[in-house]
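Here the structure is a predicted model, which is why all the values come from computation and not from measurement. A note on names: the letters A, B, ... follow the listed sequences, proteins ahead of strands, and every chain is numbered from 1.
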2 protein chains.
Amino acid sequence: MTDRAGTFDGVHRRNLSKVLGHVHLEGPLSRARLTAMTGLNRSTVASLVAELTARGLTIEQAPDPTNRVGRPSPVVAPDPRVLAIAVNPEVDAVTIAAVGIDGGIPARERIEVDHLPSPDETAELVASALDRWRSGDLRDARFVGVGLAVPGLVRASDGLVRFAPHLLWSDVPIRALVEAATGLPTAVGNDASLGAIAEHLFGAGRGVDDMVYLNGGASGIGGGLIVHGRPVGGSAGYAGEFGQNRPGIAMIDDRRAAEGVLEDEVSRARLLEVVGLDHGDEPALAAALAATDSTAVADEVGRQSRILATALCNAVNVLNPSLIVLGGFLATLAERDLGALEHAVAAQAMPAASEGLSIRVAALGENRLLIGAAEIAFADLLADPLVR
Amino acid sequence: MTDRAGTFDGVHRRNLSKVLGHVHLEGPLSRARLTAMTGLNRSTVASLVAELTARGLTIEQAPDPTNRVGRPSPVVAPDPRVLAIAVNPEVDAVTIAAVGIDGGIPARERIEVDHLPSPDETAELVASALDRWRSGDLRDARFVGVGLAVPGLVRASDGLVRFAPHLLWSDVPIRALVEAATGLPTAVGNDASLGAIAEHLFGAGRGVDDMVYLNGGASGIGGGLIVHGRPVGGSAGYAGEFGQNRPGIAMIDDRRAAEGVLEDEVSRARLLEVVGLDHGDEPALAAALAATDSTAVADEVGRQSRILATALCNAVNVLNPSLIVLGGFLATLAERDLGALEHAVAAQAMPAASEGLSIRVAALGENRLLIGAAEIAFADLLADPLVR
DNA sequence: CACTATTTGTTGCGCTTGACCCCAAATCCG
DNA sequence: CGGATTTGGGGTCAAGCGCAACAAATAGTG
């Protein structure tokens with residue numbers, strides 16, 4: 001939104017945004033429900049919906065056969081032809097998907113690579129996928145932007161990847177590269193932060209305004225915050241790097257790493273090692289943990305849980321969230337005994353702050369990052385449906 | 001603001017709020033500058049200002065003799081007769097002040113008590129001060145509300161003091177008590193969180209949207225966050241309790257307290273002890289620290305600084321603020337060598353996150369809490385100047 | 001199968017309110 | 001003292017939402 005806030009035009013845009021946002025988040029809604037949710041007048045909602053539909057952002061469907069008295073209300077749904085490209089480059093593959101503003105994923109490709117994907121290569125892969133889809137199944141779709149979920153530090157102002165340790169990307173202007181290759185406006189975010197956004201909007205954190213998300217990946221621990229219902233980027237966009245924190249370690253014997261950095265102490269690699277796996281995906285790790293009754297495994301799980309609990313407490317004391325969502329191997333770790341973790345957090349955090357707190361496991365599956373990436377690609381359109 | 005967002009009335013209210021907010025924060029402003037700052041039309045600003053002045057919220061003064069070409073623009077200032085009562089109960093005194101929406105403090109009383117002030121007593125003291133002022137010097141003032149800065153956990157929803165350890169208040173409905181005694185709408189907040197708000201709006205954090213504030217008091221360490229330019233309360237309002245955090249302590253010998261809680265390790269009492277003072281206010285402690293060259297003192301200062309640095313790093317990694325403001329004895333501690341602290345933080349925190357970071361000492365003096373308390377008392381009026 | 005009650009879409013009108021335009025006022029500068 | 005510049009003031013315009021009256025579509029009832 002430009003600086004039109006406070007003007008009539010601004011009101012109109014905001015109202016359009018509100019309506020579109022509701023159907024984007026909640027799915028198809030009757031106009032009657034939209035009037036209730038927005039607080040606007042029936043006639044106003046009608047004209048707003050008509051405008052959105054004329055712009056190809058929503059579609060109006062026949063009323064649902066609800067068994068209620070009164071004239072049935074047409075159902076407003078996001079137009080599934082409005083798409084974003086979501087991209088997630090990883091060490092061994094680049095995943096590219098077309099994500100609808102209705103939440104659907106009409107196309108998805110995981111392109112395996114036998115080398116680290118370079119920035120240019122990534123941009124080319126995105127452009128070629130876009131070309132294929134545009135001339136194929138998604139011929140009548142409208143691509144509004146690209147969103148990238150990058151496993152590294154991303155500067156929010158210009159979408160520069162400051163450092164992505166596993167991709168070996170350093171100061172890469174990935175946003176500019178992808179924009180040049182595709183001609184589409186592009187947004188870039190840290191993968192864990194986008195995971196937090198996805199879980200907040202569509203997953204375990206739906207409707208929760210103050211939330212902390214922690215994700216345990218193969219390479220470390222990342223995360224994201226939702227405060228006042230909005231994702232927190234910080235001054236440059238680097239917020240959420242829980243993995244680099246140094247939590248207190250109560251038992252001296254619990255410390256493994258010299259620096260005491262969270263992601264060195266609580267790590268997937270250490271879990272894999274103790275269960276005797278060399279590699280392994282998340283289900284394999286979970287299965288191995290469930291299968292064994294070795295005390296060494298139990299000790300390591302306990303040790304990591306204790307340290308994780310302290311790290312969570314620090315976040316709870318400072319942010320007083322109503323929800324902590326754990327993903328990746330942290331979910332695996334916590335899921336074994338969620339009650340114990342909640343108990344440990346309650347024991348160490350301020351009593352008042354832990355009262356309203358719950359800890360949950362991430363709800364979205366492997367599409368989480370794509371959904372988050374699509375969300376930042378849709379952000380401009382959702383904030384102001386009249387752009388362009 | 002009610003649910004009028006999105007309607008024309010809402011626009012009008014928001015515009016009034018914007019204008020009033022600007023003159024509240026920046027002091028007297030010419031109408032020309034207001035039009036530039038709000039982006040609204042000249043005529044619109046003129047009518048908004050006229051409405052605010054008619055409601056007794058602003059005053060229009062003769063133009064400043066600026067040496068610029070063109071017709072001089074009348075200066076709009078907040079009406080100094082619009083007052084809030086700011087209250088800060090402490091163990092040995094209750095401070096009560098009348099704070100103007102223009103930032104002035106036309107009346108201020110520190111009422112010493114020889115016992116812990118009870119909630120009822122506090123409410124009575126406020127009511128009697130209000131009565132005195134209303135029939136005295138501030139006869140023609142308009143009191144719009146009361147704000148309390150309480151050294152303890154305050155539930156935001158209803159202004160209940162969950163626990164104030166030093167006052168020995170526990171589950172005290174102080175908001176209701178003060179409202180009953182004064183008849184004025186009352187807001188309650190944690191003292192450190194209000195300090196953060198005050199420093200953000202008028203102190204070291206002016207214009208900074210992502211800020212962390214830590215205050216070292218006699219009793220512990222509290223703080224507050226500003227994210228997206230707004231104070232963070234969390235789900236229940238308890239956010240900012242840095243003192244209860246457990247930061248990693250790299251050197252084993254540095255740990256003093258069994259639990260490793262920040263405010264047990266980094267504490268005013270330990271500093272007073274090592275310099276050999278029994279009691280002492282902040283200047284006395286600073287002077288004593290400056291005067292001595294004892295190695296024991298240097299060791300303790302170094303130890304506390306190291307632990308503080310780690311605690312700050314944890315916040316920096318997670319929140320990526322552009323500014324950390326330190327108050328109370330933490331300011332005293334840091335001021336001795338601010339560069340060293342910044343260096344220590346930069347060494348431990350993520351490099352990218354510490355790039356744009358500065359650490360400053362709090363700028364507001366002893367009125368900080370009163371200013372913060374007044375701010376929450378003014379909040380409703382500033383958000384919607386048409387209330388009541 | 002009428003008839004009522006209920007809910008909601010539709011339509012036209014009116015009101016609020018900020019933008020725009022033109023002119024006047026006040027200042028500086030040469 | 002006159003031109004340039006900036007800003008205030010008042011009148012008019014137009015955009016957009018609320019409102020009210022009416023119509024339409026459903027469920028329930030006897």
Side-chain angles (χ1 to χ4, degrees), chain A residues 1-19 28-55 58-77 384-386, chain B residues 1-20 28-55 58-76 384-386:
Chain A
M1 188 140 349
T2 55
D3 59 343
R4 292 232 162 271
T7 87
F8 287 142
D9 191 37
V11 173
H12 188 56
R13 290 170 120 92
R14 209 194 320 278
N15 285 343
L16 287 171
S17 163
K18 211 186 254 182
V19 170
L29 290 170
S30 72
R31 257 159 57 180
R33 285 208 57 200
L34 276 172
T35 63
M37 295 171 79
T38 58
L40 299 171
N41 192 278
R42 283 209 299 266
S43 55
T44 307
V45 171
S47 87
L48 292 171
V49 169
E51 188 170 352
L52 289 173
T53 300
R55 289 193 155 258
T58 54
I59 49 180
E60 285 200 85
Q61 301 164 338
D64 264 340
T66 167
N67 277 350
R68 285 179 50 203
V69 177
R71 177 171 178 169
S73 190
V75 170
V76 182
D384 180 3
L386 299 186
Chain B
M1 188 138 352
T2 54
D3 59 344
R4 292 233 163 271
T7 91
F8 288 141
D9 191 37
V11 174
H12 188 55
R13 291 169 119 94
R14 210 194 322 277
N15 285 342
L16 288 171
S17 163
K18 212 185 252 181
V19 170
L20 185 58
L29 290 171
S30 73
R31 263 170 40 188
R33 285 207 57 199
L34 275 173
T35 63
M37 296 172 78
T38 57
L40 298 172
N41 193 281
R42 283 210 301 265
S43 56
T44 307
V45 172
S47 86
L48 292 171
V49 169
E51 189 170 351
L52 288 173
T53 301
R55 289 194 156 257
T58 54
I59 50 181
E60 285 200 85
Q61 302 164 340
D64 263 341
T66 168
N67 279 350
R68 284 180 49 204
V69 168
R71 178 173 177 168
S73 191
V75 170
V76 182
D384 180 5
L386 299 185

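In terms of heavy atoms, A/Arg31 sits closest to A/Val49 at CG-CG2, 4.2 Å.
Taking atom CG of residue B/Leu29 and atom C1' of nucleotide D/dG8, one finds them 17 Å apart after rounding to whole Å. Atom CG in A/Asn41 sits about 15 Å away from atom C1' in C/dT16, given to the nearest Å. Going from atom CG of A/Leu48 over to atom P of D/dA15 covers 16 Å, rounded to whole Å. In this entry the distance linking CG of B/Leu16 with P of C/dT16 reads 15 Å, nearest Å. Rounded to a whole Å, the CG atom of A/Leu386 is 13 Å from the C1' atom of D/dG16. Rounded to an integer number of Å, the gap from B/Leu52 CG to C/dT17 P is 13 Å. Rounded to a whole Å, the CZ atom of B/Arg14 is 11 Å from the P atom of C/dG18. Here the P atom of nucleotide D/dT7 and the CD atom of B/Glu60 are 15 Å apart, to the nearest Å.
Looking only at distances, a side-chain donor or acceptor of A/Thr58 sits under 3.5 Å from a matching main-chain atom of A/Thr53. In this structure a side-chain-to-backbone donor-acceptor pair under 3.5 Å is present from B/Ser73 to B/Ala32.
Counting only heavy atoms from C-beta outward, the side chains of A/Leu34 and A/Lys18 never approach each other to under 4.5 Å. Put simply, the side chain of A/Thr38 does not reach to within 4.5 Å of the side chain of A/Asn15, judged on heavy atoms. Between B/His12 and B/Leu48, some side-chain heavy-atom pair lies under the 4.5 Å cut-off.
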Under 4.0 Å protein heavy-atom contact, by nucleotide of nucleotides 1-10 of chain C - B base, S sugar-phosphate only: ----BBBBBB

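OP1 or OP2 of D/dC17 lies within a sub-4.0 Å distance of a side-chain N or O belonging to A/Asn15. Close to C/dG18, at under 4.0 Å from its OP1 or OP2, lies a side-chain N or O of B/His12.
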